[in-house]
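Side chains are part of it too, since the values below use all heavy atoms of this structure and drop only hydrogens, waters and symmetry mates.
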Amino acid sequence: MTSFDTSPQLNVWRALLALAVVFVMLATTGWTALRNQREATPLQASLESWAHGRLHGHPLPDPDAAPAQLTRFFASLTSQERVRLAQRYPLAVGNMNGAPVKLRYQANRLALLQARAVERTRMHDTRLTPSGQQEAGRRMHRFESLTAPERHILAFDPDGSGRVAEVFGDLGTAERISLVVPGVDTDLLTFQRTSRSYSAPVGMAKALYQAERAASPATRTAVIAWADYTAPAGLGIDSATAMRAETGAVRLNALVRALPGASPVSLFCHSYGSVVCGVAAHTLPDRVADIAVAGSPGMRVANASHLRTTAHVWAMRDADDWIQDVPYMEVGGLGHGADPVSSAFGARVLSARGADGHAGYFEPGTESLLNFAEIGTGAYSSVQCAHEDEACRAGLSGTATAGRA
């Protein structure tokens with residue numbers, strides 16, 4: 001799984017208050033400030049270089065400008081000028097919301113090649129421990145795999161544990177766009193797995209893309225595996241608070257607002273990813289038609305109406321998912337609030353039959369994945385509800401390309 005992948009460990013949650021005290025002590029002793037005193041990351045260096053760059057004697061626009069403004073800037077350039085900027089500032093352009101999608105793919109491929117060269121050198125750096133050299137080798141091979149011609153990397157940051165987002169399908173022509181938001185223990189090295197592949201973002205997104213195409217062949221779809229936020233590592237203070245979710249929500253909102261066209265967008269949020277989606281919900285644009293959560297520890301609200309979104313809110317949980325044993329509460333910032341599949345929460349509760357625990361929601365052949373595919377293509381009348389009253393489909397249209405009813 002990408003989040004909360006171990007067996008139930010309720011004693012961990014009982015220890016969270018003690019961990020919170022330690023966290024506060026560390027923060028107040030200046031430990032946090034010391035950790036933040038570090039040299040510029042590769043992405044920061046590329047952005048700073050862009051900020052001082054010029055084109056035909058004119059300064060380049062602020063990379064944090066509104067996506068529409070950056071889109072207009074790139075549209076005013078020739079194809080040669082755009083490629084030149086991507087070659088000169090690959091990380092900046094590759095992560096720039098508003099830059100043309102295909103240009104971002106090109107820029108990120110260049111950035112990945114550069115990052116691969118760095119890790120290849122580190123593999124033979126005798127100043128590193130053997131485990132450090134081994135990790136450099138793993139990173140080098142991951143970067144190399146991401147440069148394959150058929151892969152479309154929408155975002156990439158090699159710093160620390162790393163961030164990345166990959167697209168399946170054509171964003172430019174898609175009638176429906178789906179975005180997979182994973183949870184804890186998601187980074188560059190866990191972005192894709194050989195074993196238990198459908199528990200990693202790439203496997204999740206691939207499975208969803210194939211399921212959507214099978215569910216509605218006539219609907220042009222695109223799916224994004226979005227691991228472009230710093231997820232918590234394991235069960236600890238970060239996974240029990242919204243700190244990582246809050247920064248992730250900002251990045252998620254920025255990406256959605258920069259997606260090309262006006263096609264409806266559906267978010268599929270797994271485990272801690274549902275915390276990210278819950279925090280982001282009220283900031284997301286109206287083109288977000290659906291927020292679907294699976295194996296959720298909570299969405300930081302007591303009721304779906306408190307998300308302040310016009311999107312349909314869906315929820316599912318497999319009967320064998322251990323996340324149900326986590327206390328659904330929020331006290332002093334610890335915990336993530338009410339259970340999204342409870343009747344009091346007010347989400348549309350879907351069947352997850354066949355999911356087989358916390359990490360299996362995107363496994364092919366499961367009712368959970370099929371439900372996601374029906375949502376992703378807008379075929380709401382075809383979803384399978386968790387309860388016989390079929391309340392989850394009430395009041396929805398079911399056309400394959402429909403947005404919100």
Side-chain angles (χ1 to χ4, degrees), residues 39-123 136 139-173 187-188 191-192 202 222 224-228 251 254-255 257-261:
E39 61 185 33
T41 68
L43 176 55
Q44 289 170 341
S46 185
L47 289 169
E48 289 174 5
S49 181
W50 170 282
H52 293 93
R54 302 181 78 83
L55 184 65
H56 303 313
H58 300 288
L60 299 174
D62 184 347
D64 292 323
Q69 179 181 338
L70 292 169
T71 297
R72 288 192 296 270
F73 165 73
F74 282 103
S76 71
L77 307 179
T78 65
S79 59
Q80 292 84 358
E81 289 169 336
R82 287 192 288 269
V83 170
R84 193 181 313 148
L85 289 176
Q87 292 173 337
R88 190 177 302 167
Y89 315 103
L91 274 173
V93 174
N95 291 277
M96 194 173 294
N97 290 318
V101 167
K102 291 184 178 179
L103 187 67
R104 291 180 68 168
Y105 297 161
Q106 295 173 24
N108 282 319
R109 188 171 192 278
L110 293 173
L112 281 159
L113 290 171
Q114 293 175 1
R116 183 187 66 175
V118 170
E119 297 301 333
R120 181 183 287 130
T121 299
R122 293 181 70 243
M123 286 173 59
R139 287 169 62 90
M140 189 273 289
H141 288 299
R142 174 48 45 85
F143 296 159
E144 186 169 26
S145 71
L146 291 172
T147 63
E150 70 275 10
R151 304 196 72 165
H152 301 139
I153 307 304
L154 187 65
F156 167 65
D157 183 357
D159 185 53
S161 59
R163 299 194 299 254
V164 63
E166 183 173 6
V167 177
F168 300 90
D170 189 338
L171 278 178
T173 63
D187 56 33
L188 278 165
F191 184 58
Q192 184 173 4
V202 167
I224 303 172
W226 190 78
D228 193 27
R251 300 184 66 81
L255 172 70
R257 290 184 178 278
L259 291 174

Nearest-0.5 Å distance that lies between atom [atom1] in [X] and atom [atom2] in [Y]:
X	Y	atom1	atom2	result
Tyr105	Leu171	OH	CG	4.5 Å
Asp159	Leu43	CG	CG	8.5 Å
Arg82	Lys102	CZ	NZ	11.5 Å
Glu144	Arg139	CD	CZ	14.5 Å
Leu146	Arg116	CG	CZ	11.5 Å
Asn97	Asp64	CG	CG	9.5 Å

Between [X] and [Y], what is the shortest heavy-atom contact and its length?
X	Y	answer
Ala258	Gly98	CB-N, 3.9 Å
Gly94	Arg104	O-NE, 3.1 Å
Pro63	Met96	CB-CE, 3.8 Å
Pro90	Ser46	N-OG, 4.3 Å
Leu47	Ala92	CD2-CB, 3.8 Å
Ala165	Trp226	CB-CD1, 4.0 Å

Are side-chain heavy atoms of [X] and [Y] found at a separation under 4.5 Å?
X	Y	result
Leu154	Leu255	yes
Leu103	Val93	yes
Phe74	Leu77	yes
Asn108	Asn95	yes
Glu119	Arg142	no
Pro158	Leu91	yes

With distance as the sole test, does Trp50 use its side chain to make a donor-acceptor pair with the main-chain N or O of Arg88 at under 3.5 Å?
no
Which pairs, with at least one residue in residues 160-173 and sequence neighbours excluded, count as a salt bridge (charged side-chain N to carboxylate O under 4.0 Å, His left out)?
Arg151-Glu166, Asp157-Arg163, Arg163-Asp228
Between Gln114 and Val118, is a side chain to side chain contact (heavy atoms under 4.5 Å, CB included) present by the stated rule, with each step listed?
CA-CA 6 Å; Gln114 293 175 1; Val118 170; 5.8 Å; no
In chain order, what residues pass the salt bridge (charged side-chain N to carboxylate O under 4.0 Å, His left out) check against Arg109, with sequence neighbours excluded?
none
Take the angle between the ring planes of Phe143 and Phe156 and call it parallel below 30°, perpendicular above 60°, tilted in between.
perpendicular
For Ser49, all residues meeting side-chain contact (heavy atoms from CB on, under 4.5 Å), sequence neighbours excluded:
Tyr89
